[in-house]
Colleague: 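I'd like to ask you about the structure that follows.
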Amino acid sequence: MNTQVKTILLTILSLSLLTIALVELSGISTRALFNKYNIGSPPPHATEQQERSEREQRVKEMPKTEISFYEEHFNFGIVKEGDKVRHTFKFKNTGKYPLLISDAMASCGCTVPSFSREPIGPGQDGEILVEFNSRGRKGKNHKSVMIFSNATREKIAISFDAEVQ
């Protein structure tokens, strides 16, 4: 074989391997097989969506209650670029019925909220942990997280600021 044919074959092989790696890393193959042929188990993403949908339905069926955050905004101050910082937003169920959070959605992929999936009884406290990844976020940052629940204020935004250097 001459050098030109070897180069072409090697290029095709490399591109094929790269394509396969990208498909596997993205999870497309697993989702596609499950969705089309019902092979294997659903990917984790589908399970999370189903769980979220079930919580949303429960929240719609629950009586309205009241939620009071001790603070709805936090300032991290100056943060070193690349650091992950966390803050816990505490709240109280000030209503007469159990409070259930159906979802917490961040305004950016650099922010990850975590919350209890269990109902919070009247008079009890709860918390939402928010983690901010400052990697690639130099400068002033203002991020928010939208909280969905069975409170009379169904959507409440909590937020934070960080100066990334």
Side-chain angles (χ1 to χ4, degrees), residues 25-36 38-165:
L25 288 173
S26 69
I28 292 171
S29 60
T30 305
R31 267 189 215 101
L33 287 174
F34 179 76
N35 290 340
K36 188 168 186 175
N38 219 11
I39 296 173
S41 59
H45 183 68
T47 305
E48 289 172 19
Q49 284 181 329
Q50 184 177 1
E51 181 184 313
R52 182 179 296 134
S53 179
E54 290 170 2
R55 277 195 321 272
E56 286 173 3
Q57 187 59 39
R58 278 183 65 195
V59 162
K60 287 179 185 176
E61 296 167 357
M62 294 177 77
K64 297 291 183 193
T65 192
E66 300 294 326
I67 185 172
S68 296
F69 278 86
Y70 292 101
E71 63 179 346
E72 292 184 18
H73 181 77
F74 181 77
N75 190 342
F76 283 110
I78 296 174
V79 176
K80 181 181 171 190
E81 200 256 338
D83 284 353
K84 288 183 181 179
V85 292
R86 296 178 177 169
H87 180 70
T88 302
F89 288 89
K90 295 183 180 189
F91 61 87
K92 184 179 204 104
N93 177 354
T94 55
K96 297 178 183 176
Y97 303 103
L99 172 73
L100 182 64
I101 296 174
S102 62
D103 204 358
M105 297 176 64
S107 61
C108 175
C110 62
T111 304
V112 179
S114 301
F115 60 95
S116 171
R117 292 349 190 213
E118 298 301 316
I120 292 115
Q124 293 183 330
D125 286 344
E127 51 188 44
I128 297 171
L129 176 67
V130 176
E131 182 179 81
F132 171 61
N133 184 349
S134 65
R135 186 171 145 198
R137 301 282 172 189
K138 284 192 175 184
K140 292 184 180 183
N141 286 269
H142 177 80
K143 306 294 178 188
S144 60
V145 176
M146 188 65 71
I147 310 300
F148 299 89
S149 71
N150 66 315
T152 52
R153 288 174 51 197
E154 294 174 357
K155 295 184 265 185
I156 299 173
I158 55 177
S159 61
F160 65 86
D161 290 317
E163 175 77 32
V164 180
Q165 297 183 343

Colleague: Is the closest side-chain heavy-atom distance between Ile156 and Phe91 below 4.5 Å?
Modeller: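 Of all side-chain heavy-atom pairs linking Phe91 with Ile156, none is under 4.5 Å.
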Colleague: Do Glu131 and Pro113 come close enough that some side-chain heavy atom pair is under 4.5 Å?
Modeller: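 A side-chain contact under 4.5 Å is absent here.
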Colleague: Between Asn150 and Thr65, does a side-chain hydrogen bond (donor to acceptor under 3.5 Å, both in side chains) hold up when you go through it step by step?
Modeller: CA-CA 6 Å; Asn150 66 315; Thr65 192; 5.8 Å; no
Colleague: Can you check whether Ile147 reaches Phe69 side chain to side chain, under 4.5 Å on heavy atoms?
Modeller: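 With C-beta onward as the side chain, the pair touches.
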Colleague: Checking Asp83 now: which residues fulfil side chain to side chain donor-acceptor pair (under 3.5 Å) with it, not counting sequence neighbours?
Modeller: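 Partners of Asp83 under the side chain to side chain donor-acceptor pair (under 3.5 Å) test: none.
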Colleague: Flag the pair Arg55 and Glu51 as a salt bridge only when some basic side-chain nitrogen lies within less than 4.0 angstrom of an acidic carboxylate oxygen.
Modeller: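 So Arg55 pairs with Glu51 through a salt bridge.
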Colleague: Rounded to the nearest 0.5 Å, what separation is found between the CD atom of Glu66 and the CG atom of Asn93?
Modeller: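 If we round to the nearest 0.5 Å, Glu66:CD and Asn93:CG are 8.5 Å apart.
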Colleague: Against Phe160, only a single residue in Phe76, Phe89, Phe74 fulfils ring pair (Phe, Tyr, Trp, His ring centres under 6.0 Å); can you say which?
Modeller: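 Output: one option passes, namely Phe76.
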Colleague: Check this for me: does any side-chain nitrogen of one of Lys64 and Glu154 sit under 4.0 Å from a carboxylate oxygen of the other?
Modeller: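 Glu154 and Lys64: salt-bridged.
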Colleague: Take Ser159 and Glu72 through the side-chain hydrogen bond (donor to acceptor under 3.5 Å, both in side chains) test and state the conclusion after the steps.
Modeller: CA-CA 6 Å; Ser159 61; Glu72 292 184 18; over 6 Å; no
Colleague: So do the side chains of Arg135 and Glu81 get within less than 4.5 Å of each other, counting heavy atoms only?
Modeller: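 Yes, side chains in contact.
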Colleague: Is there a side-chain contact between His73 and Asp161 in this structure, where contact means two heavy atoms from C-beta onward sitting under 4.5 Å apart?
Modeller: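 His73 reaches Asp161 side chain to side chain.
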Colleague: Between Asn141 and Val164, is there a side-chain heavy-atom distance shorter than 4.5 Å?
Modeller: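 They are in contact (side-chain heavy atoms under 4.5 Å apart), so the answer is yes.
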Colleague: Who are the salt bridge (charged side-chain N to carboxylate O under 4.0 Å, His left out) partners of Arg58, not counting sequence neighbours?
Modeller: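 Once residues adjacent in sequence are excluded, Arg58 has no partner under the salt bridge (charged side-chain N to carboxylate O under 4.0 Å, His left out) criterion.
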Colleague: Is the shortest side-chain N to carboxylate O distance from Glu71 to Lys90 below 4.0 Å?
Modeller: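 No salt bridge links Glu71 with Lys90.
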Colleague: Could you check if a side-chain atom of Lys84 sits within less than 4.5 angstrom of a side-chain atom of Phe132, using non-hydrogen atoms only?
Modeller: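 Lys84 vs Phe132: side chains apart.
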Colleague: For residues Ile67 and Thr94, determine if any side-chain heavy atom of one lies less than 4.5 Å from a side-chain heavy atom of the other.
Modeller: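 Ile67 does not reach Thr94 side chain to side chain.
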Colleague: Only counting residues at least two apart or in another chain, list the ones meeting salt bridge (charged side-chain N to carboxylate O under 4.0 Å, His left out) with Glu54.
Modeller: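 Counting only residues at least two positions away or on another chain, Glu54 forms no salt bridge (charged side-chain N to carboxylate O under 4.0 Å, His left out).
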